[in-house]
Amino acid sequence: MRIHDRPSPNHDPRPEGAAVDMLVLHYTGMRSGAAALERLRDPAAGVSAHYLVEEDGTVFRLVPEERRARHAGLSHWRGREGLNAGSIGVEIVNPGHEWGYRPFPALQMGAVAELCLGILARHPIPARNVVAHSDIAPDRKQDPGELFDWEGLAALGIGLWPAPAAPPPEEEARALLGRIGYRTDLPLPVLVTAFQRHWRPARVDGVADAETRARMAGLLARIEA
Ligand SMILES: [Zn+2]
């Protein structure tokens, strides 16, 4: 695929010995792709990502993959924090929940898929470590949100989608979320909402109903297969 270089100054060396083993997907959450690209290259803003994918499928490279970009912020997954160190960050243009959340066009999703397949071919990233920003910062972030086609990506080998499963008892929900990778010291509805945005997008209400719990178990079945 053709990738256009739009270098950002906002990056650092990865810490010594930090392998890239996570892929974090975001939406930009700004009024336009151009505004997002400008911000992600602004030294005063100090933020960045490795790539930005426009709604028409144009892909920009802002930070080389071997450098640490600044996209995750305060973050936690599977007992680790500060996830910029070992991750690749991809920003996907969408106004987001604040500015008019809308479907991700097919052209854009095709480019996201192709880009992600390339990243996964270059780095040893386990499928369970392909995550949303909202998975690793559930109390702060909603992106890329419930309109994002995680199921379609999983069908292409990018991340995981739950297997059919029976719902476990309600009191197990928090422990299941912890085994998936979420931090567990947040209110349960916050964690359930994040899980639903990624793995049960038809219902994002923070309620761990039977179908939501079945999907937690079904995802763990894939993870632990
Ligand atoms: Zn984000």
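Whatever order the structure lists ligands and atoms in, that order sets their numbers, starting from 1. Positions are given from 1, in the same order as the sequence printed here. Atoms considered below: every heavy atom in the structure, side chains included; atoms not considered: hydrogens, waters and symmetry mates.
- Between F148 and F104, the angle of the ring planes goes over 60°, which puts this pair in the perpendicular group of the 30/60° scheme.
- Salt bridge absent: D135 and R197 never bring a charged side-chain N and a carboxylate O closer than 4.0 Å.
- Ring-plane geometry between F195 and W199 is classed as tilted, the angle between the planes lying from 30 to 60 degrees on a 0 to 90 degree scale.
- Taking a cutoff of 4.0 Å between a charged side-chain nitrogen and a carboxylate oxygen, K141 and D143 do not qualify as a salt bridge.
- Salt-bridge annotation for R39 and E91: absent, with no side-chain N of the basic residue lying under 4.0 Å from a carboxylate O of the acidic one.
- By the 30° and 60° cut-offs, the orientation of the rings of H97 relative to Y27 is tilted.
- The distance cut-off of 2.8 Å around the Zn ion (ligand 1) captures these protein N, O or S atoms, sorted by chain and number: H26 ND1, H133 ND1, D143 OD2.
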